Engineer: 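Just dropping this structure here.
Treat the numbers as computed from the prediction; the structure is a model and nothing was measured. All chains are named by letter (A, B, ...) in the order of the sequence lines, taking the proteins before the strands, and each is independently numbered beginning at 1.
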Amino acid sequence: DSGVTQTPKHLITATGQRVTLRCSPRSGDLSVYWYQQSLDQGLQFLIQYYNGEERAKGNILERFSAQQFPDLHSELNLSSLELGDSALYFCASSGGLAGGHNEQFFGPGTRLTVL
Amino acid sequence: QKEVEQDPGPLSVPEGAIVSLNCTYSNSAFQYFMWYRQYSRKGPELLMYTYSSGNKEDGRFTAQVDKSSKYISLFIRDSQPSDSATYLCAMSVPGTYKYIFGTGTRLKVLA
């Protein structure tokens, strides 16, 4: 158990809908990262927050948005869902500051199925 | 061309074999090199990380980095059925927390 929790575990929804994925980082970790994992693309970095502020952006679609709240939990919002958004979404957390290696601890993931 | 290339496998080996997993990369600025193990339906977990060229050993695992060739390897000695998983290499972009992951290699160790 990494200490990172994600809810829900599974989500089944229809095209055009909007969903929210939730992540609670390990106790004391200030950074939260979101990743999308699909069979053909592998693990793709979406976005990173550090202590409530956006710090890095990866291949995140405009239909997706995220935020980190004062209690450090984070939410990833996916809207106007398409079939191709079906994937595993992972949250990871780490402590520390940029400039050195900071191990990222991954949560168990949320499996999103868009029908 | 992807920034990080990794053979997807699957790779099947008998128990006790030495396994070699590899990644190549194109960005010479990558700073830290990591290997993650991901069991089915679980999140990735960090196995090893290295910073410089050379070898780093941890039990049955050895990570090797060759920055001049832009090539990293993970060796698993005396492989066990419990090593059956997908192995992902990852590299950090300097000055950021951004990681670039390989697509992963599926390994199956047969008892």
Side-chain angles (χ1 to χ4, degrees), chain A residues 1-6 9-10 21 23-26 29-51 53-60 68 87-111, chain B residues 1-10 21-27 29-52 56 58 61 63 65 72 85-107:
Chain A
D1 184 355
S2 67
V4 178
T5 60
Q6 288 186 250
K9 283 188 179 178
H10 303 280
L21 313 183
C23 167
S24 292
R26 291 188 323 153
D29 282 355
L30 300 179
S31 277
V32 168
Y33 313 75
W34 285 98
Y35 291 87
Q36 179 192 59
Q37 187 176 42
S38 58
L39 279 173
D40 56 343
Q41 292 290 319
L43 200 61
Q44 298 283 312
F45 168 73
L46 295 177
I47 197 163
Q48 180 224 346
Y49 281 82
Y50 178 82
N51 202 21
E53 292 188 8
E54 183 185 305
R55 278 293 176 95
K57 232 172 182 178
N59 303 321
I60 188 166
Q68 186 179 28
L88 268 170
Y89 291 84
F90 286 105
C91 167
S93 76
S94 73
L97 298 171
H101 171 72
N102 294 282
E103 180 176 351
Q104 293 186 17
F105 294 86
F106 282 78
T110 292
R111 182 173 294 278
Chain B
Q1 184 192 3
K2 290 184 178 178
E3 284 189 281
V4 179
E5 299 275 3
Q6 187 175 8
D7 188 334
L21 304 166
N22 310 296
C23 285
T24 58
Y25 62 96
S26 57
N27 188 345
F30 285 147
Q31 202 166 38
Y32 288 92
F33 304 88
M34 281 82 48
W35 285 97
Y36 280 80
R37 178 175 62 196
Q38 185 177 18
Y39 290 114
S40 181
R41 300 182 184 279
K42 300 282 188 184
E45 57 176 327
L46 182 68
L47 272 179
M48 298 185 72
Y49 77 89
T50 56
Y51 177 71
S52 56
K56 182 177 180 179
D58 184 1
F61 299 91
V65 174
I72 68 170
T86 297
Y87 290 80
L88 301 147
C89 63
M91 303 173 191
S92 67
V93 179
T96 78
Y97 288 115
K98 191 174 172 182
Y99 284 14
I100 307 294
F101 280 82
T103 50
T105 299
R106 278 198 298 135
L107 171 67

Engineer: Could you walk me through whether A:E103 and B:M34 pass side chain to side chain contact (heavy atoms under 4.5 Å, CB included), step by step?
Structural biologist: CA-CA 9 Å; A:E103 180 176 351; B:M34 281 82 48; over 6 Å; no
Engineer: Name the member of B:P94, B:G43, B:P44 that forms the most heavy-atom pairs with chain A at distances under 4.5 Å.
Structural biologist: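 Result: the option with the highest number of such pairs is B:P44.
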Engineer: Answer with side chain, backbone, both or neither: which region of A:K57 has an atom nearer than 4.5 Å to a non-hydrogen atom of chain B?
Structural biologist: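 For A:K57, backbone heavy atoms alone lie under 4.5 Å from chain B.
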Engineer: Contact part of B:Q6 toward chain A, heavy-atom cut-off under 4.5 Å: side chain, backbone, both or neither?
Structural biologist: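 No part of B:Q6 comes within 4.5 Å of chain A.
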Engineer: Quick one: pull up NZ in B:K98 and CG in A:L46 and give me the separation to the nearest 0.5 Å.
Structural biologist: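 If I round to the nearest 0.5 Å, the distance is 10.5 Å.
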Engineer: Heavy atoms only: give me the nearest B:Y99-A:F45 pair and the separation to one decimal.
Structural biologist: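 Looks like O-CB, 3.8 Å.
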Engineer: Verify the ring-centre separation between A:Y35 and B:F101: is it less than 6.0 angstrom?
Structural biologist: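 Distance test on ring centres: under 6.0 Å, yes.
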Engineer: Is it true that, when you exclude A:R26 itself, more than 12 heavy atoms of the residues, nucleotides or ligands shown sit nearer than 6.0 Å to its CZ?
Structural biologist: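 Enclosed: over 12 neighbouring heavy atoms sit under 6.0 Å from CZ of A:R26.
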Engineer: Would you mind checking which part of A:Q37 comes under 4.5 Å of any heavy atom in chain B, side chain (CB onward), backbone (N, CA, C, O), both or neither?
Structural biologist: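 Only the side chain of A:Q37 comes within 4.5 Å of chain B.
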Engineer: Taking all non-hydrogen atoms of both residues into account, name the closest pair between B:Q38 and A:F90 and its distance.
Structural biologist: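 So the two residues come closest at NE2-CZ, 3.4 Å.
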Engineer: For the atom pair CG (A:D1) and NZ (B:K42), what is the distance rounded to the nearest 0.5 Å?
Structural biologist: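 Taking CG in A:D1 and NZ in B:K42, the distance rounds to 9.0 Å.
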